[in-house]
Amino acid sequence: MEKGALGMIAAQMKWRNRAGALWRAGPGLAISALLALTGLLVWELSGRSVMVSPMIVAMLAGMVLGNSGIPSAGLAPGTALAMRPVLRAGIVLLGFRLTLGDLGQIGLGGLVLIVAIVGASFVAIRRAGRLFGVSPALSELLAAGTSICGASAVLGMNTVTRGRDEEVAYAIACVTVFGTLSMLLYPALGPLFGFGEAAFGLWAGATIHEVAQAVGAGWSVGEVAGETATITKLGRVLLLAPMILGLGLSRSGGDARGGLPVPWFVFGFLGAVAVNTVLPLPGAVTSALTFASTFMLAMALGAMGLETRLAALRSEGLRPLLLAAFGWAFLSAGGAVLVALLGSGAT
């Protein structure tokens, strides 16, 4: 009887502790959700323009609010949840946008090009970071955001990199700026390089930072370019999982008990891709999961904005921006050369 009573008391205490933790997290989670809704509202009002990202809007709004002098101590438990479990859930749901069939549509030549340009640019930017005097963490975040898929890659990679909030915000700002430049400049540059629509779509999908930016650049040229850019970019996004998992395992020595945790949520991402491949989901379900993913990632970025201090951003200086510019030039030029060598759709 005594053991049973003690067990019930322990269970009640555990429940109360969890309830108390959720209660303390409430304000921060609520503000993060409101920032995400703000980002989505601005995006909708823009007509879902590729020039507007709900995640970036949420981060900027969070930075304005976080630097306005409001007390942040009471928000910390909730923002911590938004930047960790909520973020990881958003990345897992991101997998429902993809199928393994996307890789098959790219073709062997396109797949080799994607792997080559992602691997080469990631390594080059990380190593160039030393020459530019940029911290290893920020260099790695810039490398991931530039070589793979923009803000989502920065957030995912930071589960392993463990950069400061200011470093994450700086990296996201850089990949957003240079990805937007690519979206605007590529359609004019494609004809100068002699690219047909298929070659242009391959170049855009393999080298432009964000999914929306790559798709926007492709469809501005034509239907074939738009479809090729979309498929190529989604194939590139698939490389996010092995990149995060590989770095996480290497730094933990392959042991989850090591100094850095293995990013197990990546298996959830891969599982979502597998499910979407084997059991294609109805359009309405896929749309709902995509919305949930975007909302969760926007919450995470909104929370990060709340924790980011502009003074700390300014202290990073111009060197990371120059590194990001180098990465942009390396990725764009290297991708153009590889596409020209591949000869896919070139005129």
Side-chain angles (χ1 to χ4, degrees), residues 55-56 59-60 62-63 66-67 72 76 79-80 82-84 87-88 91 117-179 181 209-210 239-240 242-253 258-263 266 297 300-332 334:
M55 294 187 291
I56 305 302
M59 184 184 76
L60 293 175
M63 289 173 66
N67 287 273
S72 59
T79 56
M83 289 189 289
R84 289 178 180 82
L87 164 64
R88 293 173 183 183
I91 293 175
I117 195 64
V118 167
S121 58
F122 185 84
V123 171
I125 295 169
R126 281 182 68 191
R127 292 188 174 178
R130 301 173 189 168
L131 299 176
F132 282 88
V134 178
S135 71
L138 183 49
S139 297
E140 191 162 273
L141 295 176
L142 285 169
T146 301
S147 64
I148 306 175
C149 57
S152 299
V154 173
L155 290 172
M157 186 60 66
N158 198 49
T159 59
V160 173
T161 301
R162 301 297 181 88
R164 293 179 290 108
D165 292 340
E166 289 78 14
E167 290 176 316
V168 174
Y170 201 119
I172 289 173
C174 285
V175 299
T176 300
V177 168
F178 288 109
L181 282 175
H209 300 54
E210 294 277 357
L239 296 180
L240 177 62
M243 185 75 77
I244 296 174
L245 187 60
L247 285 173
L249 287 170
S250 68
R251 290 174 183 176
S252 65
L260 283 173
V262 175
V266 170
L297 293 177
L301 274 174
M304 198 164 290
L306 285 170
E307 299 291 329
T308 299
R309 295 297 169 259
L310 294 178
L313 271 182
R314 286 194 295 269
S315 70
E316 297 290 344
L318 290 177
R319 290 184 178 186
L321 181 63
L322 295 175
L323 176 61
F326 162 79
W328 174 55
F330 181 92
L331 182 68
S332 300

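Owing to the predicted nature of the structure, the values given are computational and were not obtained by experimental measurement.
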H209 side, atom NE2; L331 side, atom CG - distance, nearest 0.5 Å | 6.5 Å
With the side chain counted from C-beta on, respond yes when S139 and L323 share a heavy-atom pair under 4.5 Å apart, and no when they do not.
-> yes
What one should report as the nearest heavy-atom pair of G163 and V168 is O-CG2, 4.3 Å
Could you tell me which non-hydrogen atom of F326 sits nearest to which non-hydrogen atom of A124, and how far apart they are?
-> CE2-O, 4.0 Å
Heavy atoms of I56 and A151 approach each other most closely as CD1-CB, 4.5 Å
Beyond-backbone contact of C149 with L240, side-chain heavy atoms, under 4.5 angstrom = yes
Indicate the atoms forming the closest heavy-atom contact of V175 with G145, along with that distance.
-> CG1-C, 3.6 Å
Has the side chain of D165 got a donor or acceptor atom that lies under 3.5 Å from a matching backbone atom of M304?
-> no
Heavy-atom pair with the smallest gap, counting every atom of F178 and A324 = CE1-CB, 3.7 Å
Can you tell if the side chain of S121 reaches within under 4.5 Å of the side chain of T146, non-hydrogen atoms only?
-> no
Show your working on side-chain contact (heavy atoms from CB on, under 4.5 Å) between L321 and Y170 and close with a plain yes or no.
-> CA-CA 8 Å; L321 181 63; Y170 201 119; 3.7 Å; yes
Between L142 and A171, what is the shortest heavy-atom contact and its length?
-> CD2-CA, 3.7 Å
Value rounded to 0.5 Å, distance of CZ in F132 from CD1 in I125 = 10.0 Å
Which value, rounded to the nearest 0.5 Å, describes the distance between I244 atom CD1 and L239 atom CG?
-> 11.0 Å
Contact check, side chains of F122 and L247, non-hydrogen atoms, under 4.5 Å = yes
Spatial distance of atom CD1 (I172) from atom CD (E210) [nearest 0.5 Å] = 8.5 Å
Which distance, rounded to the nearest 0.5 Å, do you find between the OG of S147 and the CD1 of I117?
-> 9.5 Å
Spell out, as yes or no, whether a donor-acceptor pair under 3.5 Å connects the side chain of E167 to the backbone of A137.
-> no
Check for a donor-acceptor pair, side chain of N158 on one end and backbone N or O of V154 on the other, with a separation under 3.5 Å.
-> no
Value rounded to 0.5 Å, distance of OG1 in T159 from CG in L87 = 7.5 Å
Output yes when R164 and E316 qualify as a salt bridge under the 4.0 Å nitrogen-oxygen rule, no when they do not.
-> yes
Is there a side-chain contact between M83 and E307, using heavy atoms and a 4.5 Å cut-off?
-> yes
